[in-house]
Student: 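Once you've had a glance at the structure underneath, I'll fire off some questions.
Order of appearance sets the numbers: ligands from 1, and atoms from 1 within every ligand.
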Amino acid sequence: MSYLADLGEIYLAPNYEREPIIFVRGEGTRLFTDKGEEYLDFTAGIAVCNLGHAHPQLVQVLKEQAECLWHTSNLYYTEPQVRLAKKLVELSFGDKVFFANSGTEAVEAALKLARRWAYQNFGGSKYKFISLKNSFHGRTLGSLSVTGQPKYWEGFEPLVPGVVFVEPNDLQELKETFDETVCAIIMEPIQGEGGVYPLTQEFIAQAKELCQKYSALLIFDEIQTGLGRTGRLFAYEHYGIEPDVMCLAKALANGLPLSAMIAKKEVIDFLTPGSHASTFGGNPIACAVGCKVVEMISDPTFLEEVELKGKVIMEKLRAYQEEYPGLIKQVRGKGLLIGIEFAIEVKPIYQELLKRRILTTTPKPNVLRLSPPLIINYREIDYFMIQLEEILKDIKT
Ligand SMILES: *Cc1c(COP(=O)(O)O)cnc(C)c1O
């Protein structure tokens, strides 16, 4: 291990399991280590760097904004923040935007908004959240409380009360769970950290219907699926069903901390002055970069390319699945958010890819997740597929 990794071991909180790799530079789909080794990035920093590393146009915007204005607080208006809000509203179902700095904060804002909206419209008995088993919504106490994976709760209970979990895609259970005491249901159109599990059209349609029937809010956590990841600007577009509230983060500023909660006017207007806030939220530098990100990603041709590249990978993976049925159980996902479920522990495959200098993630012990920068090209995709096939062949024999 290198000196820096040793120092990190001493001085950093032990809450991450890190590879002993030190990256010093990034360019497009590539990351370079302190030893000059080059890695092909199929993680995009966990679906964050959708436009790749150090994109020249983003660097340009960042530099210009850095020389101009860094921070004012939200006691004043800044041009990048207003411009980004306007863009997001024009491109989505929403009417107004609240900015924060991370995914979990966007989820917290959505939960607080739902409680307040329900309280002021219907009184204090309408406070319950429905969330899905196997979901992931963040690590602060509120968002953790709606995260449907008990392993993340360990040692942190009691959690925020009033949360009920239902099985994803179980129409019956959802119907039986819903009543007037529910203020909101929160869901990821594709469960990302859960292992890339898409929700069905029927399930989302029924959630929408029940929300309308019982006057509850439909919250989409698009922190991982949003901003072009699935081949549409927002994953809800695949379903043709609009939420009342949506959370964005990860890719919004391509790696700078920025998140957003977007909502319909009649809902978000309950966030009256002083009811919620964030000191850094909507920071001018992050928002300036965010404007450029959204401008580039929302280009229809760019999105078509993402969808096509995703199809190419999925087709290849499905061919591998047929060829190695004892190894690959299922291939799931949309666009460039892809999960490969193996019949075996995925760690050796992940390790072998790493040895071949390809970065991937393993959200579940038997799932390999591919979330490359959306700018990945076909040559790089081919290279990845060949490497993966060699590994599968080796395991089989
Ligand atoms: C990553 C993620 C979060 C949490 O985002 P942070 O920025 O880590 O707080 C919440 N929801 C989903 C769906 C995510 O993928």
Student: Could you walk me through whether Phe270 and Asn121 satisfy the side-chain contact (heavy atoms from CB on, under 4.5 Å) test, starting with their C-alpha distance in whole Å, then the side-chain angles of each, then the deciding distance to 0.1 Å, before giving a yes or no?
Tutor: CA-CA 10 Å; Phe270 286 93; Asn121 276 309; 3.5 Å; yes
Student: Any donor-acceptor pair under 3.5 Å linking the side-chain atoms of Thr200 with those of Asn169?
Tutor: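 The answer is yes; a qualifying pair exists.
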Student: So with a 6.0 Å cut-off around CD of Gln120, is the heavy-atom count from everything else above 12?
Tutor: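 For Gln120, atom CD is crowded (more than 12 foreign heavy atoms under 6.0 Å).
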Student: Would you say the ring centroid of Tyr119 lies under 6.0 angstrom from that of Tyr127?
Tutor: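 No, the ring of Tyr119 stays outside the 6.0 Å limit from the ring of Tyr127, centre to centre.
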Student: For atom CZ of Phe32, decide whether the heavy atoms of other residues, nucleotides or ligands shown that lie under 6.0 angstrom number more than 12.
Tutor: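 Atom CZ in Phe32 is crowded, with more than 12 foreign heavy atoms closer than 6.0 Å.
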Student: Under a 4.0 Å heavy-atom cut-off, which residues neighbour ligand 1?
Tutor: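 Under the 4.0 Å cut-off, ligand 1 touches Ser102, Gly103, Thr104, Phe136, His137, Gly138, Glu188, Asp221, Ile223, Gln224, Lys250.
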Student: Go through the steps to decide whether Leu271 and Met261 satisfy the test side-chain contact (heavy atoms from CB on, under 4.5 Å), and finish with yes or no.
Tutor: CA-CA 12 Å; Leu271 285 189; Met261 177 193 67; 3.9 Å; yes
